[in-house]
Amino acid sequence: MDDGYRNTNLYQGSRDIGRETNQVSDDYRYQDGTYEGYAPNDGYYRGGDESAHEEDAQSDVTEGHDEDDEVYEGEYQGIPHPDDIKAKQKKRAPEAADEYRDHADLMAERMEDEEQLAHQYENIIEECGHGRFQWTLFFVLGLALMADGVEVFVVGFVLPSAEKDMCLSSSNKGMLGLIVYLGMMVGAVVLGGLADKLGRKKCLIISLAINAAFAFLSSFVQGYGFFLFCRLISGLGIGGSLPIVFAYFSEFLSREKRGEHLSWLCMFWMIGGIFASAMAWSIIPHYGWGFSMGTKYHFHSWRVFVLVCSLPCIASLVALKFMPESPRFLLEIGKHDEAWMILKQVHDTNMRAKGEPERVFTVSYIKTPKQVDEFIEIQSSTGTWYQRWLVRFTTTFKQVWDNVLYCLTAQYRMNTLILAVVWFTMALSYYGLIVWFPDMIRYLQEEAYESRVKIFDEEEVLHFTFNFTLENQIHRNGEYKNDKFIGMKFKEVRFEDSLFEECYFEDVTSSETFFENCTIVSTVFYNTDLYEHKFINCRLINSTFQMPKEGCHLDFEEDNDFLIYLVSFLGSLSVLPGNIISALLMDKIGRIKMIGGSMLISAVCCFFLFFGNSESAMIGWQCLFCGASIAAWNALDVITVELYPTNKRATAFGILNGLCKFGAILGNSIFASFVGITKVVPILLASSALVGGGLLALRLPETRDQVLM
């Protein structure tokens, strides 16, 4: 910092009430005399000159009048006073000078102001202390981060049940799983960019409101298309919350507290995963929880689960209404008074909680950067509402786009590109594997299930009534004559090369049941879901289908669904040790070593997946991988916040987080396609991505000793 901003006694004020006024004025005066006098255009916020007012008051009392109170003889003729003309000319002089200054000079002056503000703001935050206010904001923003964690798991948990209500095909289920990440990707970029222009609090409220509204609505809609749309917009809303939450909270933290407490905040993502897993485990299996309205509208237990999962978002949205805007953001846009009042609120709240309410907030003015943005505002008396909104929209869009391009300027280009690669490789491997683990467990379960199949050859059944469930069976070359299949269920049953003669099927539901190369003679199918596609190369002679069932009627309780909930629960819980370690060591070993070490350890864990040939082994390696990788995620969040200035912070975080969600989409698609084929490709892809990203991260600058610009 240059010599013009040295202030070694910035916050060494005495508590003596009698000396307080003099002390404050001395504390914020540059020692070389640069700001000894009052300069109206120096960008500072000041209180009034109390001594001058006192002298004026004494003069009025003793003399009875003041020269300024005398009536100018031309006043009633509409002629301005010469002193007024001079005052207006002096006031307009700096503004006119700025109009003719080069834009580069204005930007250079702004950058110098921002550097001075960064150091002064750090001192102010230290004076405010870390206490009740920060912890209150911690829990409010933690609920928003918890909602983000819940959103990632919701669709995966409801898919097995939703496919029963919506008759989802494999492609529909895959699209539903990816649509949330697509919404998150768009929301992170758009709402993150807007947060640097409209404010952290306002954009976070918009983000959470969108998520809460459409998550709530999605629990009631019946059609697949509308449900897909609701989850897309819900993902868009919650995707925008992540960059805003970290930018918002970091601007209330001092340098010594920032790394640790941002890491503690990351724990709420883990809590969101645990909450979603626990709610799914306790609600979804109770398929009868809900109600029906006729035959068209059904509200089953999985919809109750979707409704419950919107509660963290709603709670955060309500609590956020009582929290202030970021004072660092307000100072960037020149709102000195509002920023000062908020900082005073932070100081007073913390001092009262510490039992020191007599402590006085000593800051009297705060440096603010020079404002160079030009915003064209059409007054209400000119133009239509459409024109005014169009101008606001296009201007805001241009400002956000300029921020995006700023992240790729020479000063930040290399850091942005390295962070982009690290974010992408982490997302590709992490999100790919957390989808691959449950799919592999299901595959192992299916293999074990198929190994227990019962085979019946050349059986002959006459005049028999089936009214019980047939499961995991293969019937070959059988003959069924004058048999009745009433009120029963088929699950994983195949009839091959069999004869059905004069049989009667009524009220039958089936899952993965097929008839291959069978001959069906004079048989009636009444109120069943045995549709034509389930008869493969069969001969149907004098057989009829009456009153077939409509929609999906699969209500089998899948035992492996419970295991999937348990796997997700354990995977979320396993990151707790990694979260604690990263929070305690973040400021001791630094962000860069944390990222590199965590990613390399996670890559080693991937290689051990070659030995995961059982369900328990896969669950164990999943927990180890999640626990090792969480430290890298936490350090990435911290360093991304610290590398960019305040007016670009949420934009940069949003871009990188959007790229992260794109990596998640690719990871989900690629890794899922190899389930049941080979383990080599997913394991090698994840390991190589983690090693490459971890080594590249070592080239990033360390930021733990850096003030927040």
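Numbers here simply count residues along the sequence, with the first being 1.
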Is there a donor-acceptor pair under 3.5 Å between the side chain of [X] and the backbone N or O of [Y]?
X: Lys201; Y: Met323; answer: yes
X: Glu122; Y: Arg255; answer: yes
X: Ser598; Y: Ala632; answer: yes
X: Asn634; Y: Ser582; answer: no
X: Ser429; Y: Ala686; answer: no
X: Ser316; Y: Cys313; answer: no
X: Ser282; Y: Met279; answer: yes

So do the side chains of [X] and [Y] get within less than 4.5 Å of each other, counting heavy atoms only?
X: Trp340; Y: Pro327; answer: no
X: Glu332; Y: Arg328; answer: yes
X: Cys623; Y: Val575; answer: no
X: Thr646; Y: Leu331; answer: no
X: Ser669; Y: Leu178; answer: yes
X: Trp633; Y: Cys660; answer: yes
X: Ser241; Y: Leu145; answer: no
X: Phe246; Y: Val638; answer: no

Practice problem: List the steps, then state whether side chain to side chain contact (heavy atoms under 4.5 Å, CB included) holds for Ile630 with Met270. | Solution: CA-CA 10 Å; Ile630 193 63; Met270 171 202 73; over 6 Å; no
Hey, could you give me the [atom1]/[atom2] distance between [X] and [Y], rounded to the nearest 0.5 Å?
X: Ile434; Y: Ser572; atom1: CD1; atom2: OG; answer: 8.5 Å
X: Ile595; Y: Leu636; atom1: CD1; atom2: CG; answer: 4.0 Å
X: Leu343; Y: Phe252; atom1: CG; atom2: CZ; answer: 7.5 Å
X: Leu208; Y: Ile238; atom1: CG; atom2: CD1; answer: 5.5 Å
X: Leu643; Y: Asn415; atom1: CG; atom2: CG; answer: 5.0 Å
X: Leu242; Y: Ser207; atom1: CG; atom2: OG; answer: 9.5 Å

Minimum heavy-atom distance between [X] and [Y], given as atom pair plus value:
X: Phe133; Y: Pro324; value: CZ-CG, 3.5 Å
X: Val150; Y: Gly272; value: CG2-O, 3.4 Å
X: Met586; Y: Ser263; value: CE-OG, 3.1 Å
X: Pro701; Y: Ile639; value: O-CD1, 3.6 Å
X: Gly654; Y: Pro243; value: N-CB, 3.7 Å
X: Leu624; Y: Cys605; value: CG-SG, 3.7 Å

Self-check item: Aromatic ring pairing Trp269/Phe153, orientation class (parallel under 30°, perpendicular over 60°, tilted between)
Solution: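 Tilted: the ring planes of Trp269 and Phe153 meet at 30° to 60°.
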Exercise. Determine the interplanar angle of the Phe138 and Phe268 rings, folded into 0 to 90°, and report it as parallel if under 30°, tilted if 30 to 60°, perpendicular if over 60°.
Key: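 Rings of Phe138 and Phe268: perpendicular, as their planes differ by over 60°.
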[X] and [Y] aromatic centres sub-6.0 Å:
X: Phe653; Y: Trp423; answer: yes
X: Trp281; Y: Phe157; answer: no
X: Phe329; Y: Tyr248; answer: no
X: Trp135; Y: His261; answer: yes
X: Tyr181; Y: Tyr431; answer: yes

Quiz item: With a cut-off of 6.0 Å (strictly less than), are more than 12 heavy atoms of other residues, nucleotides or ligands near OH of Tyr412?
Solution: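 Check passes, neighbour count above 12.
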Quiz item: Within a radius of less than 6.0 Å around NZ of Lys588, do more than 12 heavy atoms belonging to other residues, nucleotides or ligands occur?
Solution: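 Not more than 12 within 6.0 Å, no.
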Self-check item: Result of checking Asp196, Thr416, Thr651 against Tyr644 for side chain to side chain donor-acceptor pair (under 3.5 Å)
Solution: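 Of the listed residues Asp196, Thr416, Thr651, the side chain to side chain donor-acceptor pair (under 3.5 Å) partner of Tyr644 is Thr416.
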Quiz prompt | Option passing side chain to side chain donor-acceptor pair (under 3.5 Å) with Asn350 (candidates His130, Gln134, Glu127, Arg132) | solution =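 One option only clears the test, and that one is Gln134.
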Self-check item: Partner residues of Glu251 under the salt bridge (charged side-chain N to carboxylate O under 4.0 Å, His left out) criterion, sequence neighbours left out
Solution: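 In terms of salt bridge (charged side-chain N to carboxylate O under 4.0 Å, His left out), with neighbours along the sequence ignored, Glu251 is linked to Arg200, Arg649.
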Exercise. Could you list the residues that satisfy salt bridge (charged side-chain N to carboxylate O under 4.0 Å, His left out) with Lys344, not counting sequence neighbours?
Key: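 For Lys344, the residues satisfying salt bridge (charged side-chain N to carboxylate O under 4.0 Å, His left out) (neighbours in sequence not counted) are Asp348.
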Quiz item: Would you call Lys335 and Glu325 a salt bridge, using N to O less than 4.0 angstrom?
Solution: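 Glu325 and Lys335: not salt-bridged.
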Exercise. Check side-chain hydrogen bond (donor to acceptor under 3.5 Å, both in side chains) between Glu642 and all other residues, then give those that pass, not counting sequence neighbours.
Key: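 For Glu642, the residues satisfying side-chain hydrogen bond (donor to acceptor under 3.5 Å, both in side chains) (neighbours in sequence not counted) are Arg258, Arg591, Thr703.
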Self-check item: Test side chain to side chain contact (heavy atoms under 4.5 Å, CB included) applied to Cys606 and Leu433, step by step
Solution: CA-CA 9 Å; Cys606 288; Leu433 285 176; 3.7 Å; yes
Practice problem: Could you walk me through whether Thr409 and Leu405 pass the side chain to side chain contact (heavy atoms under 4.5 Å, CB included) test, one step at a time? | Solution: CA-CA 7 Å; Thr409 56; Leu405 297 180; 6.0 Å; no
Self-check item: Working for side chain to side chain contact (heavy atoms under 4.5 Å, CB included), residues Val422 and Met599
Solution: CA-CA 10 Å; Val422 177; Met599 293 182 74; 3.9 Å; yes
